[in-house]
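First comes the structure, then the notes that go with it.
In what follows, chains are A, B, ... by sequence order, proteins preceding strands, each numbered from 1.
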There are 2 protein chains.
Amino acid sequence: MNRSTNDHRELVQSLRGSGHRLTPQREMVLGVIADSETHLTAEQVLARVRKQHPHLNKSAVYRSLDLLTEIGLVTVTDLGGGKSEYELLRQPSHHHLVCNKCKHVTVMDNALLVPLGRKIKAKYGFQPSLHHFAIFGTCHKCQTRSAGHKKR
Amino acid sequence: MNRSTNDHRELVQSLRGSGHRLTPQREMVLGVIADSETHLTAEQVLARVRKQHPHLNKSAVYRSLDLLTEIGLVTVTDLGGGKSEYELLRQPSHHHLVCNKCKHVTVMDNALLVPLGRKIKAKYGFQPSLHHFAIFGTCHKCQTRSAGHKKR
DNA sequence: ATATCAATTGCAACCAGTTGCAGTTAGAGT
DNA sequence: ACTCTAACTGCAACTGGTTGCAATTGATAT
């Protein structure tokens, strides 16, 4: 996978001019995320980075993830599991409907969010990050049998 | 304020039939939330409950908040501050646009979310909880001066 | 190439929130 | 009113994540 070349160029570009520096730690973190096909928790990212560089500190990973999110290379989503999930920002987007009762997650089509994004941009000038979104609520099953049953 | 009477009735109603019990701890937690005009963090709820009942354990508060959310009397929102904000579920709804860069929060009109909720319900049978929503992204200011500057 | 210095890292202490478990209790049945 | 038991609470240990600070380092200027 020579995606890393592209990612590296994008990384340097995104950091430059905003007063941020290119550090090996940040490259490693982005590398791990870029090489993964799915969401990763911070913990998983830390574990993978440490396979190559066992001495890397966890604070550096958390701080790198924050920064990569801030500069728009990575998305974060809280799927309600208590841990944030990080993922390389790719197209097309996908989203999640998370049930508050049974915790079941349904994948939602991106098309439903497009008009919302457009309206927010038009009305408030705010550019929403609707790349990877979680909407909480009650799933079909839990609505019908709204009595009884517990979590998970 | 004799809102407590209504809340109590609703609480009993919501717990009944789902195998949950009415406990003094849950009443206290709901009472505190109902008496507040704004969002409260779990920590703030704990502090207020302890003014009356200094011995109440924090786990009970966290667990009560989860339950009150699950049964729909209370909403949770993560405004990006690292702490969840709890609030009595009232109409009309209001929402927040949170800037990933400067952390500024704009209030968003409920009308923009209504069509989305309708579409999700129609397509997936999922009843989204769009009562108190946070959308992350980049605010108007941070888009224009997208280089330079750090957090507030 | 070297000096400079703010951005960044590593560390250790810390904080919000969770969990497993033993003891307690709401409330249904009698 | 009394019994029974699953739901619940309190506790203490734990987990994921954050923070303050001293030491380090990437990038800019010389």
Side-chain angles (χ1 to χ4, degrees), chain A residues 8 11-30 39-50 53-71 76-86 103 147-152, chain B residues 8 11-30 39-50 53-71 74 76-86 103 147-151:
Chain A
H8 189 275
L11 179 58
V12 174
Q13 221 166 69
S14 299
L15 292 175
R16 185 158 299 163
S18 55
H20 295 123
R21 304 199 316 214
L22 179 63
T23 66
Q25 289 85 342
R26 287 170 182 173
E27 285 186 273
M28 287 182 230
V29 169
L30 183 62
H39 327 152
L40 294 175
T41 64
E43 215 181 345
Q44 291 173 312
V45 172
L46 179 60
R48 294 191 187 195
V49 172
R50 280 196 175 155
H53 305 263
H55 294 307
L56 194 92
N57 190 269
K58 68 174 177 171
S59 315
V61 170
Y62 283 106
R63 292 194 273 227
S64 296
L65 288 170
D66 282 353
L67 183 67
L68 292 171
T69 303
E70 196 183 308
I71 66 180
V76 214
T77 315
D78 177 3
L79 294 178
K83 301 178 187 179
S84 294
E85 308 261 352
Y86 297 85
K103 308 302 175 193
H149 304 277
K150 294 304 303 295
K151 304 182 180 186
R152 278 159 225 202
Chain B
H8 189 276
L11 180 57
V12 174
Q13 220 167 70
S14 298
L15 292 174
R16 184 158 299 161
S18 56
H20 295 123
R21 303 199 316 214
L22 178 64
T23 66
Q25 289 86 341
R26 286 170 184 174
E27 284 186 274
M28 288 182 228
V29 169
L30 183 62
H39 325 152
L40 295 175
T41 64
E43 216 180 345
Q44 292 173 310
V45 173
L46 179 61
R48 295 191 185 193
V49 171
R50 280 196 175 156
H53 305 263
H55 294 307
L56 193 93
N57 189 268
K58 67 174 178 171
S59 314
V61 170
Y62 284 106
R63 291 193 272 227
S64 295
L65 288 170
D66 282 353
L67 183 66
L68 292 171
T69 303
E70 197 184 307
I71 65 180
V74 163
V76 214
T77 316
D78 177 2
L79 294 179
K83 301 179 188 179
S84 294
E85 308 261 352
Y86 297 86
K103 309 300 173 195
H149 304 278
K150 295 303 304 295
K151 305 180 180 187

* To do: Write down the atom of B/Tyr86, the atom of B/Thr41, and the distance for their closest heavy-atom approach.
  => CD1-C, 4.5 Å

* For A/Thr77, all residues meeting side-chain hydrogen bond (donor to acceptor under 3.5 Å, both in side chains), sequence neighbours excluded -> A/His132

* To do: Nearest whole angstrom, please: distance from the C1' of C/dT9 to the CE of A/Met28.
  => 11 Å

* Structure fact -> Sorted by chain and number, sequence neighbours left out, side-chain contact (heavy atoms from CB on, under 4.5 Å) with A/Arg48 holds for A/Val32, A/Ser36, A/Leu40

* Euclidean distance, atom CZ of residue A/Arg26 to atom C1' of C/dT8 [Å, nearest integer] -> 6 Å

* **From CZ (A/Arg63) to CD (A/Glu70), nearest 0.5 Å** => 14.0 Å

* To do: Identify whether any heavy atom of A/Arg63 sits under 4.0 Å from a base atom; if not, whether one sits that close to sugar-phosphate; answer base, sugar-phosphate or nothing.
  => base

* **B/Gln25 side-chain N/O to C/dT25 phosphate OP1/OP2 under 4.0 Å** => no

* Whole-Å distance between C/dA16 P and B/Leu65 CG? -> 15 Å

* Asked: Between D/dG26, C/dA26, C/dC21, which nucleotide has the shortest distance from any of its atoms to the side chain of A/Arg21?
  -> D/dG26

* Distance below 4.0 Å between A/Thr23 side-chain N/O and C/dT9 OP1 or OP2 -> yes

* **Exercise: identify the closest heavy-atom pair between A/Leu68 and A/Val29** => CD1-CG1, 3.8 Å

* Structure fact -> Separation of C/dA16 atom C1' from B/Asp66 atom CG, nearest Å, is 13 Å

* Output all residues satisfying salt bridge (charged side-chain N to carboxylate O under 4.0 Å, His left out) with A/Lys83, sequence neighbours left out; order by chain, then residue number. => A/Glu43

* Structure fact -> To the nearest angstrom, the CG-P distance between B/Leu22 and C/dT24 comes to 21 Å

Every protein N/O lying under 3.5 Å from an N/O of nucleotides 13-17 of chain D:
residue : atom : partner : partner atom : Å
D/dG16  : OP1  : A/Glu43 : OE1          : 3.3
D/dG16  : OP1  : A/Glu43 : OE2          : 2.8
D/dG17  : OP2  : A/Tyr62 : OH           : 2.7
D/dG17  : N7   : A/Lys58 : NZ           : 3.1
D/dG17  : O6   : A/Lys58 : NZ           : 3.3

* To do: Mark yes or no for whether A/Arg26, through its side chain, and A/Arg21, through its backbone, hold a donor-acceptor pair below 3.5 Å.
  => yes

* Structure fact -> Minimal heavy-atom distance between A/Val61 and A/Ala42, with the atoms involved, is CG1-O, 4.2 Å

* Please report, rounded to the nearest Å, how far the C1' atom of D/dA27 is from the CD atom of A/Gln13. => 18 Å

* Asked: At what angle, to 10 degrees, do the two end axes of the helix from C/dA1-D/dT30 to C/dT30-D/dA1 meet, given five pairs define each axis?
  -> 40°

* To do: For A/Asn57 and C/dA13, give me the distance from atom CG to atom P, rounded to whole Å.
  => 14 Å

* May I have the distance from A/Arg16 (atom CZ) to D/dG26 (atom P), rounded to whole angstrom? => 15 Å

* Structure fact -> salt bridge (charged side-chain N to carboxylate O under 4.0 Å, His left out) filter on A/Glu27, not counting sequence neighbours, yields none

* Asked: Closest nucleotide of DNA chain D for B/Leu15 versus for A/Ser59: which of these residues is on the 5' side?
  -> B/Leu15

